[in-house]
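Notes for the one structure printed next.
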Amino acid sequence: MKRTKIKDILRNDATNYQVNVKGWVRSFRNNQFIALNDGSCMGNIQVVISLDTDAEIVKQINNGASVSVDGTVIASMGKGQKVEVKADQITIMGVCDPEQFPLQLKNKPSLEYLREIAHLRFRTNTFGAVFRVRHTLAYAVHKFFNDRGFVYLHTPIITASDAEGAGEMFRVSTLPPDNPPRNEDGTINYKEDFFGRCTNLTVSGQLEAELGAMAFSEVYTFGPTFRAENSNTARHLAEFWMIEPEVAFNDITDNMDLAEDFIRYIIGYAMEHNREDLEFLAQRLADEEKQKPLNERSELGLIEKLEFVLNNKFERITYTEAIQILRDSPAYKKKKFQYDVTWGIDMQSEHERYLVEKHFKKPVIVTGYPKDIKAFYMRMNDDGKTVAAMDILAPGIGEIVGGSQREERLDMLTKRMEEMHIPAEEMFWYLDTRRFGTVPHAGFGLGFERMVLFVTGMTNIRDVIPFPRTPKNAEF
RNA sequence: UCCUCCUUAGCUCAGUUGGUUAGAGCACAUGACUGUUAAUCAUGGGGUCUCAGGUUCAAGUCCUGAAGGGGGAGCCA
């Protein structure tokens, strides 16, 4: 018989039909009742086995074992579930030695412990929910852009440009690490390397996406990104997924509108399609918050927070206004900030958190940053001091989006590159877009895992990517 | 990378001022029960107190160092 997904049995009330279900045992009670889960949804189906089931088989129905059950869906005779499967035949597909199985669900294993057994943690309610939501968000990303006529552009994973300046990169090389060929001055001779030059894993697909936007008008990338920074925080990964739309003819305001629509859309899509998972995660978060002192708890539950974001426009302020708000704040006057606030500073997390979590209590888009703290490709404003950058700051996460209108004027761009010591010769292909039919354009980068954090209410980025890569950690 | 805290049974955690044989719940094993809902009940096994040094008559407990992890910061998405 063809397998029926547990989700499909649970979501309709029909009874008295034959099914085959397959899955993993979550709980076995009273030598009779199996809570079976196949990952298709949060819920388990209760399988009832007959009292005369072979004792050898009963013995093998342990937590974690995989079983296949032929039976009849009936209205449940017990409380706690509407329907259940009365088993005619049960076979053990894979035994699971309870003495060795490291995942014992009844022990309330901590997130930190589960991270050490990341290969098994999908079998928990929490991670089941997180990764179903992650999937839905990823699907919604593609759907959003596809529905709006964007071209999904696969930008390279391996790049030779060392001019992006976005932090430390992972080198890609086939040279023998213990004895690489060297130039006369002792430096490594990359001419003998696989690509004939020094290459790295990408830190951003933006520059290439801009090339695509100069032909398709609107493109986006969604792929892995690598940063070799020694960042040990709950918000950083060495390997993460980034979404980078790039749109010709858009200015900074269009860019903000796009980012806001996009974020709202994918949240709404997850709310619609993963309601059960999100409700479980909301409850999990609420339970976790009960452990915290009152003043550290969030005012809104997870669902309420997401609904709030869906129903309220983001606050839009300029950098200059942000600085003014901070300087006028009671926190500043009482000298609560560790770092001083003056125009020109790169805002510290304490400043960003104050704006988002205390002052506005919602996502905030900050525009018009001083040119000196932003990248070379951002468009110079008429004041000559600020650039058309935008960061979106989210409560609890910090910077979730970083974007800008790009400098489309060749003379301005080359001037900025000179000032910031970016080698223009190596970037001829980038500058060519400004030479041959340049147009105003804008785009942004959104850290996918940070988005998943925001939607699931999880607090450590290592718990929203299946197999996290962080400094000193590349297990699995 | 910096600051700070933590590391005791398979998991989650107690462990008093340094003092006899280091405890609990869950998990696990054996048995009982059989419409259970993290099933329940009884019995039982299970410890290099993270590691390496040191102080002391005596160290899970105090000191030094290392490793791993958490929280915060920086860098950023």
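Fair warning: this is a prediction, and the values are worked out from it, not measured in the lab. Every chain is numbered from 1, with letters handed out A, B, ... down the list of sequences.
A donor-acceptor contact under 3.5 Å links the side chain of Q81(A) to the base of U36(B). One donor-acceptor pair, N or O on each side, does fall under 3.5 Å between the base of C75(B) and the side chain of S231(A). A donor-acceptor contact under 3.5 Å links the side chain of N232(A) to the base of U1(B). In terms of polar N and O atoms assigned as donor or acceptor, the side chain of R450(A) comes within less than 3.5 Å of the base of C76(B) in a complementary pairing. Judged by atom type and distance alone, E84(A) reaches the base of G35(B) through a side-chain donor-acceptor pair under 3.5 Å.
C63(B) sits 49 Å from U40(B) when the C1' atoms are compared, rounded to a whole Å. When the C1' atom is used for both C76(B) and A66(B), the distance is 31 Å, rounded to whole Å. Of the P atoms belonging to A77(B) and U4(B), the separation is 29 Å, rounded to the nearest Å. With both ends at atom C1', the span from C11(B) to U16(B) equals 26 Å, rounded to whole Å. On the P atoms, G74(B) is 27 Å away from G65(B), given to the nearest whole Å. One P atom belongs to A59(B), the other to C2(B), and the distance between them is 34 Å to the nearest Å. The gap from the C1' atom of U8(B) to that of G47(B) amounts to 8 Å, rounded to the nearest Å. U21(B) and U43(B) have their P atoms separated by 26 Å, with the value rounded to a whole Å.
At whole-Å resolution of the value, CZ in F28(A) and C1' in U34(B) are 11 Å apart. For F240(A) and A77(B), the CZ to C1' distance is 5 Å, given to the nearest whole Å.
Across all strands shown, A14(B) forms no Watson-Crick or G-U wobble pair with both key distances under 3.5 Å. Pair check for U50(B) finds A66(B); Watson-Crick or G-U wobble, both atom distances under 3.5 Å. Base pairing of U36(B) is not made with any nucleotide, judged by Watson-Crick or G-U wobble geometry with both donor-acceptor distances under 3.5 Å. Base pairing annotation: G44(B) forms a Watson-Crick or G-U wobble pair with C28(B), both donor-acceptor distances under 3.5 Å.
Ion pairing between R406(A) and E246(A) holds under the 4.0 Å rule for side-chain N and carboxylate O. Ion pairing between R316(A) and D257(A) holds under the 4.0 Å rule for side-chain N and carboxylate O. Residues E449(A) and R235(A) are not paired through a salt bridge, judged by the lack of any N-O separation under 4.0 Å between the basic side chain and the carboxylate.
Here M242(A) lies in heavy-atom contact (under 4.0 Å) with sugar-phosphate atoms only. At the heavy-atom level, S76(A) lies under 4.0 Å from base atoms of the strands shown.
R235(A) has a side-chain polar atom (N or O) that falls below the 4.0 Å cut-off from OP1 or OP2 of A73(B).
Residue Y113(A) places its side chain closer to C11(B) than to any other of C33(B), C11(B), G69(B).
Ring pair F476(A)/F467(A) is tilted by interplanar angle, where 30° to 60° counts as tilted.
Of the residues listed (F240(A), F262(A), F222(A), W241(A)), the one engaging F448(A) in a ring pair (Phe, Tyr, Trp, His ring centres under 6.0 Å) is F222(A), and it is the only one.
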- List the steps and the verdict of salt bridge (Lys or Arg N to Asp or Glu O under 4.0 Å) for D463(A) and R115(A). CA-CA 7 Å; D463(A) 295 331; R115(A) 221 173 281 151; 2.8 Å; yes
